[in-house]
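Per chain, numbering begins at 1; letters A, B, ... match sequence-line order. Owing to the predicted nature of the structure, the values given are computational and were not obtained by experimental measurement.
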Amino acid sequence: MAYWLIKSEPNKWSWAMQVKAGAKGTFWNGVRNHTAKQNLMAMKKGEEAFFYHSNEGKEIVGIVKVIKTYYPDDSDPTGKFGMCDFAAVKPLKTPVTLEAIKADERLKSMMLVNNSRLSVQPVTDAEWKLICKLGGI
DNA sequence: GCCAACGTTGGC
DNA sequence: GCCAACGTTGGC
């Protein structure tokens, strides 16, 4: 069971909108990078991911799960990229900020810190557990 | 197939 | 709003 982290700009697609989409969830696209695409393709149904707000907030605000694995994005004219569907699982009681992640020795190797531009990232078991704890769940 | 130029992302 | 980091493009 792998864990992931997906990023979204709140003014484009926020956690609130994700929650509103409910249990049946909604597609998550916007990938325009092959590393991110590889990660998306590696996701399996039922796997969980952190939902991160970039630019505004810069914090992990909730957990989503994969409800539909990678499929082509019809709206992409190049046909190169696809998307997955996610549904909101639960919010973190306390959002975990980028600042807090950077400040924690154990989270310094996270891709979020070292490769902030990648929009879909793997998260290790240890990182997942720690961030859940920091988030109050 | 290399590499310079350009565009985009995202933290500050 | 600025700029550094990264990916992509296109000329050679």
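- Note: CD (A/E9) to P (B/dT8) measures 13 Å, nearest angstrom.
- Of all heavy-atom pairs between A/C84 and A/M43, the closest is SG-SD, 4.4 Å.
- By the side chain to side chain contact (heavy atoms under 4.5 Å, CB included) test, A/T124 is found to be paired with A/A126, A/E127, residues two or more places apart in sequence or in another chain being considered.
- Against DNA chain B, the stretch residues 97-110 of chain A makes heavy-atom approaches under 4.0 Å through A/L98, A/K102.
- Rounding to whole angstrom units, CE of residue A/M111 and C1' of B/dT9 are separated by 15 Å.
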Check residues 45-56 of chain A and write down every donor-acceptor pair under 3.5 Å in which the side-chain atom is one partner and the other belongs to a residue at least two apart or another chain.
{"unit_1": "A/E47", "atom_1": "OE1", "unit_2": "A/W4", "atom_2": "NE1", "d": "2.9"}
{"unit_1": "A/E47", "atom_1": "OE1", "unit_2": "A/K44", "atom_2": "N", "d": "3.1"}
{"unit_1": "A/E47", "atom_1": "OE2", "unit_2": "A/A2", "atom_2": "N", "d": "3.1"}
{"unit_1": "A/H53", "atom_1": "NE2", "unit_2": "A/W15", "atom_2": "N", "d": "3.0"}
{"unit_1": "A/N55", "atom_1": "ND2", "unit_2": "A/E9", "atom_2": "OE1", "d": "3.4"}

Give each protein N/O atom lying under 3.5 Å from an N/O atom of nucleotides 4-7 of chain C, with the pair distance.
{"unit_1": "C/dA5", "atom_1": "N3", "unit_2": "A/R117", "atom_2": "NH1", "d": "3.1"}
{"unit_1": "C/dC6", "atom_1": "O2", "unit_2": "A/R117", "atom_2": "NH1", "d": "2.4"}

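- Sequence order on DNA chain C of the closest nucleotides to A/N55 and A/K80 puts A/N55 first from the 5' end.
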For residues 24-38 of chain A, which side-chain donor-acceptor pairs fall under 3.5 Å, sequence neighbours excluded?
{"unit_1": "A/N29", "atom_1": "ND2", "unit_2": "A/D73", "atom_2": "OD2", "d": "3.4"}
{"unit_1": "A/R32", "atom_1": "NH1", "unit_2": "A/G30", "atom_2": "O", "d": "2.8"}
{"unit_1": "A/N33", "atom_1": "OD1", "unit_2": "A/T35", "atom_2": "N", "d": "2.8"}
{"unit_1": "A/N33", "atom_1": "OD1", "unit_2": "A/A36", "atom_2": "N", "d": "2.9"}
{"unit_1": "A/K37", "atom_1": "NZ", "unit_2": "A/K80", "atom_2": "O", "d": "2.8"}

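- Applying the salt bridge (Lys or Arg N to Asp or Glu O under 4.0 Å) rule to A/R106 yields the partners A/D104; only residues at least two apart in sequence or on another chain are considered.
- Applying the side-chain hydrogen bond (donor to acceptor under 3.5 Å, both in side chains) rule to A/W128 yields no partners; only residues at least two apart in sequence or on another chain are considered.
- Between the C1' atom of C/dG1 and the CD atom of A/E56 lies a distance of 15 Å, rounded to the nearest Å.
- A straight line from CG of A/L118 to C1' of B/dG11 spans 16 Å, rounded to a whole angstrom.
- For A/K108, the salt bridge (Lys or Arg N to Asp or Glu O under 4.0 Å) criterion is met by A/E105, not counting sequence neighbours.
- A sub-4.0 Å separation between OP1 or OP2 of B/dG10 and a side-chain N or O of A/K7 is present.
- For A/T94, there are no side chain to side chain contact (heavy atoms under 4.5 Å, CB included) partners two or more places apart in sequence or in a different chain.
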